[in-house]
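Input: a single structure, listed below in structure tokens.
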Amino acid sequence: MRKLLLIDYRERGIAKHQCLEIKCNEDIEDRFILAVCHRYVGLNNEMDCVTEIFSGMSVKELNEISLKPECLHLPRRILYVNLEEIKRCASILNGKI
């Protein structure tokens with residue numbers, strides 16, 4: 001089984017993203033997937049969000065559309081979200097910063 005993941009993280013305060021494809025068995029727990037993602041982007045970097053994308057596309061194709069609006073319409077499942085980042089984004093949208 002293959003899982004296509006979109007990882008949003010911060011490296012030295014700069015927001016970045018990585019697309020990752022992992023091959024695993026069907027009964028792998030989400031916490032193990034998150035551990036792989038954290039190692040992939042670097043243990044010193046803070047992850048903001050990890051999303052599993054349900055699509056037949058390749059990592060290269062996902063990377064090409066990951067910053068475009070059509071990425072929002074892909075079927076997905078959120079595996080992890082940093083609540084502090086959510087609060088920060090909410091305060092920006094509410095004009096409090």
Side-chain angles (χ1 to χ4, degrees):
M1 169 180 227
R2 119 183 150 77
K3 292 188 180 273
L4 190 59
L5 305 165
L6 181 58
I7 310 163
D8 294 312
Y9 67 101
R10 280 176 277 147
E11 183 177 17
R12 290 186 224 103
I14 299 170
K16 297 184 174 190
H17 77 277
Q18 286 287 328
C19 300
L20 176 65
E21 178 181 340
I22 60 171
K23 293 183 181 172
C24 57
N25 58 23
E26 290 184 29
D27 60 346
I28 189 169
E29 294 180 26
D30 290 347
R31 64 187 174 115
F32 293 121
I33 294 171
L34 294 175
V36 168
C37 293
H38 205 181
R39 285 189 178 275
Y40 184 74
V41 299
L43 294 175
N44 294 326
N45 297 323
E46 189 171 353
M47 292 194 309
D48 291 325
C49 184
V50 177
T51 308
E52 181 179 2
I53 305 295
F54 301 108
S55 172
M57 66 177 46
S58 68
V59 172
K60 182 180 177 186
E61 291 169 320
L62 178 60
N63 196 46
E64 289 173 359
I65 70 162
S66 61
L67 295 176
K68 296 179 182 174
E70 52 263 30
C71 184
L72 297 173
H73 301 290
L74 293 172
R76 65 183 65 228
R77 179 174 73 108
I78 305 282
L79 299 178
Y80 169 81
V81 66
N82 180 333
L83 293 178
E84 291 302 316
E85 181 66 6
I86 295 289
K87 290 176 187 176
R88 187 185 76 77
C89 292
S91 66
I92 289 171
L93 292 173
N94 290 328
K96 294 182 179 177
I97 287 185

Item to check | Residues that, via side-chain heavy atoms closer than 4.5 angstrom, fall in one hydrophobic cluster with Ile14 | outcome: none
Next on the checklist: Suppose clustering is done on Ile, Leu, Val, Met, Phe, Trp and Tyr with side-chain heavy atoms closer than 4.5 Å. Which residues sit in the same group as Leu20?
Outcome noted: Leu5, Ile7, Tyr9, Ile22, Ile28, Phe32, Ile33, Leu34, Val36, Tyr40, Val41, Met47, Val50, Leu79, Tyr80
Next on the checklist: Suppose we screen for salt bridge (Lys or Arg N to Asp or Glu O under 4.0 Å). Which residues come up paired with Lys23, at least two apart in sequence or across chains?
Outcome noted: none
Checklist outcome for this item: Residues passing the side chain to side chain contact (heavy atoms under 4.5 Å, CB included) test with Ile78, sequence neighbours excluded, are Cys49, Thr51, Val81
Checklist entry - Taking all atoms of both residues into account, what is the closest heavy-atom pair of Leu62 and Cys19, and its distance? => result CG-SG, 3.7 Å
Next on the checklist: For a side chain to side chain contact (heavy atoms under 4.5 Å, CB included) check, start with the C-alpha distance between Ile65 and Leu74, then their side-chain angles and the critical distance, and finish with the verdict.
Outcome noted: CA-CA 10 Å; Ile65 70 162; Leu74 293 172; 3.8 Å; yes
Output all residues satisfying side-chain hydrogen bond (donor to acceptor under 3.5 Å, both in side chains) with [X], sequence neighbours left out; order by chain, then residue number.
{"X": "Glu21", "answer": "none"}
{"X": "Ser66", "answer": "His17"}
{"X": "Asn25", "answer": "Asp27"}

Checklist outcome for this item: The reported gap from CG in Asp8 to CD in Gln18 (rounded to nearest 0.5 angstrom) is 10.5 Å
Checklist entry - For the atom pair CD (Glu11) and CG (Asn45), what is the distance rounded to the nearest 0.5 Å? => result 4.5 Å
Next on the checklist: So for atom CZ, which belongs to Arg2, do other residues, nucleotides or ligands contribute more than 12 heavy atoms lying within a distance under 6.0 Å?
Outcome noted: yes
Item to check | Summary of salt bridge (Lys or Arg N to Asp or Glu O under 4.0 Å) pairs that have at least one residue in residues 31-45, sequence neighbours excluded | outcome: Glu29-Arg31
Checklist entry - Restricting to pairs with a member in residues 41-69, which pass salt bridge (Lys or Arg N to Asp or Glu O under 4.0 Å), not counting sequence neighbours? => result Lys3-Glu52, Arg10-Glu46, Arg10-Asp48, Glu52-Arg77
